[in-house]
K.L.:
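My questions all concern the structure below.
A, B, ... follow the sequence lines: proteins, then strands. Residue 1 opens every chain.
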4 protein chains.
Amino acid sequence: MGEMPVSKTAAKREARICEILSCAEKHFSNKGFHGAGISGIAADCGISVGHLYHYFGSKDELILAVVKSEMGRQDESITAFEDLSPENLRLEMAELTTAIFSTDAEPFRTVLNFEILAEAQRNPEVAALLQQQDTQMRRRFVTILRRAGIDDPETRTELIFTIFSGLSARALRHPEQERAALLEVIKDVILKILGDKQVASGALSA
Amino acid sequence: MGEMPVSKTAAKREARICEILSCAEKHFSNKGFHGAGISGIAADCGISVGHLYHYFGSKDELILAVVKSEMGRQDESITAFEDLSPENLRLEMAELTTAIFSTDAEPFRTVLNFEILAEAQRNPEVAALLQQQDTQMRRRFVTILRRAGIDDPETRTELIFTIFSGLSARALRHPEQERAALLEVIKDVILKILGDKQVASGALSA
Amino acid sequence: MGEMPVSKTAAKREARICEILSCAEKHFSNKGFHGAGISGIAADCGISVGHLYHYFGSKDELILAVVKSEMGRQDESITAFEDLSPENLRLEMAELTTAIFSTDAEPFRTVLNFEILAEAQRNPEVAALLQQQDTQMRRRFVTILRRAGIDDPETRTELIFTIFSGLSARALRHPEQERAALLEVIKDVILKILGDKQVASGALSA
Amino acid sequence: MGEMPVSKTAAKREARICEILSCAEKHFSNKGFHGAGISGIAADCGISVGHLYHYFGSKDELILAVVKSEMGRQDESITAFEDLSPENLRLEMAELTTAIFSTDAEPFRTVLNFEILAEAQRNPEVAALLQQQDTQMRRRFVTILRRAGIDDPETRTELIFTIFSGLSARALRHPEQERAALLEVIKDVILKILGDKQVASGALSA
DNA sequence: TATGAATGAGCATTCATTCAT
DNA sequence: TATGAATGAATGCTCATTCAT
């Protein structure tokens with residue numbers, strides 16, 4: 001069961017690719033997609049430039065692969081919320097509020113996050129990848145909410161994704177310390193969104 | 001009255017600087033800070049490379065200046081909400097929800113927005129500028145809300161800024177057409193936030 | 001008596017030229033003739049680039065002027081040895097041996113010394129200046145020796161100039177501390193050269 | 001016997017490096033370290049600019065390598081004086097006096113000589129190299145003198161190095177034709193220095 | 001006399017990429 | 001699979017110099 005590598009070489013190849021991706025991610029995080037250079041990445045991997053081109057035909061291809069892997073990771077981290085009881089789901093999501101200001105690797109915030117969004121504005125392939133991945137993440141999240149018996153899961157998903165995306169930007173624009181209050185409010189909002197029967201005009205009102 | 005240029009040369013100089021900034025902004029938008037080249041910008045301005053360096057000592061200086069001007073523009077566009085009656089304020093803010101998906105120049109979304117956020121992650125000067133500007137914008141918005149007689153304006157400001165920041169990311173990640181429903185929800189949320197006496201656990205609940 | 005400036009403006013002009021030369025000398029010393037830039041020199045003088053060109057038509061002209069002034073200074077410092085009694089002359093010259101390892105401004109050693117020699121190898125104008133100045137210095141020194149009643153002053157001058165030139169190079173190649181002994185030897189050699197009736201094959205032998 | 005290159009590629013690489021060094025030396029001699037450009041050197045070698053950087057990481061590195069090779073050559077040319085009989089040593093050294101005014105490649109004079117000395121004044125790495133190499137050359141020369149049975153070889157070495165260094169400067173400052181007499185005197189001095197039992201206050205006196 | 005805007009060639013350096021081995 | 005030699009265009013930046021004012 002599961003896809004096991006066809007041969008030993010194939011396994012080695014995949015490992016090598018993984019290593020390159022991880023090196024590339026590091027460099028891209030530090031210097032940006034355009035600031036990082038292929039040769040630096042190759043050197044960091046301990047392979048030659050020419051050999052890197054054996055695995056990735058161009059820098060754009062490498063960028064795309066990194067973006068894809070990054071999003072794979074985001075997607076994966078949604079798994080943590082599957083199979084939670086409705087109540088635990090609410091609590092865990094509320095906790096994310098705090099995490100987003102500190103951790104760099106969770107669904108709504110990655111170091112490469114804004115780099116990717118910026119790139120998406122000018123690279124259609126990246127944009128397509130981004131949107132396709134987002135669609136999938138929303139779909140999974142909707143399923144999670146539905147399984148938890150929450151009404152109108154699509155809208156609530158959108159709301160939550162919007163708020164968390166916003167938070168990740170605020171972590172950069174507003175890193176001061178008085179934000180503790182904000183976090184409390186947001187937590188409450190999240191709990192509301194996941195707890196109320198109706199979402200907005202109804203649920204949020206008296 | 002009004003600030004008139006001290007001298008003719010100074011005026012010319014300022015005009016030239018403005019032109020460079022505008023060209024640079026265009027190039028940076030299209031190719032990113034690191035993708036765009038000084039020589040391209042200079043050529044587009046109709047001046048020589050060397051001469052551009054007469055006005056900006058380095059590319060970083062130019063980037064910083066563009067970021068600063070960009071944020072000045074964001075800040076300015078808040079002015080539109082000053083002097084509005086409380087009710088109009090609510091409606092106008094709700095309208096922004098739609099605008100953020102279409103317009104490229106308003107307080108919470110600019111083409112350069114993510115480029116700047118990405119740059120802020122590795123360039124401390126940009127980060128400082130970003131935070132300082134955000135502080136000022138929040139202060140102004142708080143004043144607007146307070147003048148409109150809205151309770152706990154600080155928290156509501158944070159909430160609104162968070163939501164709009166999130167929306168601008170969603171415009172990229174989720175540009176599909178079924179989002180009309182989301183917009184309606186967000187609009188309602190904004191109206192709630194600006195209309196309720198209490199903010200969260202209280203106001204959003206029944 | 002002596003040449004007084006024709007007018008106040010002329011005096012001012014000369015002062016300005018002096019200032020430029022002194023700034024240029026500083027920059028050339030620090031970065032070399034080719035490493036230093038006109039604009040840096042102008043800035044250091046507190047004048048505009050264009051204005052510097054009012055006084056010196058080109059960088060080469062400025063270099064030449066600095067070389068000339070440098071050599072003027074070397075020449076001047078020979079004056080110190082005129083009017084010395086024969087015995088004092090010997091002692092003073094012997095003292096120079098020590099000075100050459102520490103001072104940067106005396107006839108046989110200047111910071112710009114090697115820069116000038118290197119430039120002379122490729123710039124004929126500098127070479128000509130160098131040789132002409134050296135001729136004049138030798139002539140003056142010969143006169144000094146002759147007045148002191150020293151035999152064959154031409155040859156002794158050559159010998160002394162050679163030794164001091166050599167010392168200035170050794171100050172760079174051999175700046176260690178065990179050189180005290182060398183200095184004593186050289187001192188003695190100088191004293192010999194200036195004291196013996198015959199110069200070499202005779203005088204230096206038993 | 002002999003050092004044979006480890007592999008064919010390594011040999012090729014070394015040959016290429018040699019070629020670059022020789023081209024660089026030529027350019028540096030003609031225009032000075034700072035006057036010569038990398039692109040000119042690369043073009044002269046028949047390689048691309050980028051490729052030159054494959055071998056030398058920066059211009060400074062290249063300068064340093066040229067200086068090093070230059071000094072290697074100076075050091076090597078001392079070999080000619082090893083294994084000479086005492087008498088032949090005296091004569092050969094005396095002959096050098098003439099050579100220094102004509103040849104460009106011998107221990108005490110190279111075209112790049114003053115360029116290097118000038119650079120040493122501002123580039124500590126070059127200075128260090130210069131001093132280290134000089135120390136070694138002195139050491140070797142001392143051994144030569146000692147083997148020839150000459151007393152106090154250290155002091156005599158210093159004296160000779162000083163005189164020859166001085167001569168190489170005089171070749172530039174005093175290239176006129178009446179110097180034949182000087183040469184004779186210097187020759188005698190050298191012979192004395194290498195022939196007398198005592199060096200200075202004693203040997204040079206009656 | 002004095003400014004500083006303006007130029008464009010030149011600088012050292014890095015880039016993504018190709019290719020023979 | 002793996003190397004690293006090789007390219008040449010492009011990078012950000014500085015240069016000496018000119019010129020209108």
K.L.:
Write down the distance between CZ (D:F33) and C1' (E:dA12), rounded to a whole number of angstrom.
P.N.:
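Going from D:F33 (CZ) to E:dA12 (C1'), I get 17 Å.
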K.L.:
Tell me the interatomic distance from D:K12, atom NZ, to E:dA20, atom P, rounded to whole angstroms.
P.N.:
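Interatomic distance, NZ of D:K12 to P of E:dA20: 12 Å.
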K.L.:
Looking at side-chain heavy atoms only, is the closest gap between D:N30 and D:V111 below 4.5 Å?
P.N.:
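No - every pair of side-chain heavy atoms lies 4.5 Å or more apart.
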K.L.:
Among the candidates F:dA2, E:dT17, F:dC13, find the nucleotide nearest to the side-chain atoms of A:V49.
P.N.:
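In terms of side-chain proximity for A:V49, the closest of F:dA2, E:dT17, F:dC13 is E:dT17.
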K.L.:
For D:G37, report the nucleic acid contact type (base, sugar-phosphate, nothing); a contact means any heavy atom under 4.0 Å.
P.N.:
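The residue D:G37 makes sugar-phosphate contact but no base contact.
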K.L.:
Within the structure, does a side-chain N or O atom of C:S39 lie under 4.0 Å from either OP1 or OP2 of F:dT14?
P.N.:
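So the side-chain polar atoms of C:S39 never come under 4.0 Å of the phosphate oxygens OP1 or OP2 of F:dT14.
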K.L.:
Which nucleotide in the list E:dT18, F:dG4, F:dA6 gets nearest to the side chain of D:Y55?
P.N.:
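My answer, after comparing the listed nucleotides, is F:dA6.
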K.L.:
Report the distance from atom CD1 of B:I20 to atom CG of B:L62, rounding to the nearest 0.5 Å.
P.N.:
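One gets 7.5 Å once the value is rounded to the nearest 0.5 Å.
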K.L.:
Please verify the inter-ring angle class for C:F28 with C:F33; under 30° counts as parallel, over 60° as perpendicular, anything in between as tilted.
P.N.:
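Ring orientation of C:F28 relative to C:F33: perpendicular.
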K.L.:
Taking atom P of F:dG4 as reference, at what distance in whole Å does atom CZ of D:R16 sit?
P.N.:
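Result: 16 Å.
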K.L.:
Just how far is it from atom CD of D:Q74 to atom CG of D:L130, taken to the nearest 0.5 Å?
P.N.:
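Atom-to-atom, D:Q74:CD and D:L130:CG are 8.5 Å apart.
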K.L.:
Just how far, in rounded Å, is C1' of E:dA12 from CG of D:L64?
P.N.:
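Rounding to the nearest Å, CG of D:L64 and C1' of E:dA12 are 17 Å apart.
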K.L.:
Quick one: C:H34 NE2 to E:dA12 P, roughly how many Å, whole number?
P.N.:
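Those two atoms, NE2 and P, are 13 Å apart.
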K.L.:
Closer than 3.5 angstrom, by distance alone: can the side chain of C:S29 be matched with the main-chain N or O of C:E25 as a donor-acceptor pair?
P.N.:
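Indeed, once roles are kept as given, a pair shorter than 3.5 Å links the two residues.
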K.L.:
Let me spell it out: for each of C:I47 and D:Y53, pick the nucleotide of DNA chain E with the closest heavy atom. Which residue's pick is nearer the 5' end?
P.N.:
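Of the two residues, C:I47 wins.
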K.L.:
Where each residue is assigned the nucleotide of DNA chain F containing its nearest heavy atom, which of A:G50 and B:G40 is assigned the position nearer the 5′ end?
P.N.:
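Counting from the 5' end, the first nearest nucleotide belongs to A:G50.
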K.L.:
According to a 3.5 Å limit on both distances, what stems of 3 or more consecutive Watson-Crick or G-U pairs are formed with DNA chain E?
P.N.:
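Ordered by first number, the stems with DNA chain E (at least 3 consecutive pairs each) read E:2-21 with F:2-21.
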K.L.:
Is the shortest heavy-atom distance from the side chain of B:F114 to the side chain of A:N113 under 4.5 Å?
P.N.:
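No, too far: nothing below the 4.5 Å cut-off.
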K.L.:
Whole angstroms only, please: what is the CZ-C1' distance between C:R13 and E:dA2?
P.N.:
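My rounded result for the distance is 13 Å.
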K.L.:
Can you measure D:I41 atom CD1 to E:dT13 atom P for me and round it to whole angstrom units?
P.N.:
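Rounded to the whole Å, the gap is 11 Å.
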K.L.:
Between B:E19 (CD) and E:dA6 (C1'), how many Å, whole number?
P.N.:
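That distance rounds to 14 Å.
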K.L.:
Over all strands shown, is C:A42 touching base, sugar-phosphate only, or nothing at heavy-atom distances under 4.0 angstrom?
P.N.:
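Nothing, no nucleic acid heavy atom in range.
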K.L.:
For B:G37, does its backbone N or O pair with a side-chain atom of B:K59 as donor and acceptor, under 3.5 Å?
P.N.:
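Flag not set: sc B:K59 to bb B:G37 has no pair under 3.5 Å.
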K.L.:
Which residues pass the side-chain contact (heavy atoms from CB on, under 4.5 Å) test with B:S58, sequence neighbours left out?
P.N.:
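With sequence neighbours excluded, B:S58 shows a side-chain contact (heavy atoms from CB on, under 4.5 Å) to B:D60, B:E61, given in chain and number order.
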K.L.:
Could you check whether C:A43 gets within reach of a base, just the sugar-phosphate, or nothing at all, counting any heavy atom under 4.0 Å?
P.N.:
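The answer is nothing, as C:A43 stays clear of every strand by at least 4.0 Å.
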K.L.:
Closest to the C:K59 side chain: E:dT17, F:dT17, E:dT13?
P.N.:
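Of E:dT17, F:dT17, E:dT13, F:dT17 is nearest to the side chain of C:K59.
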K.L.:
On DNA chain E, check which nucleotide each of C:H51 and D:I38 is closest to and give me the residue with the more 5' one.
P.N.:
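In this pair, the answer is C:H51.
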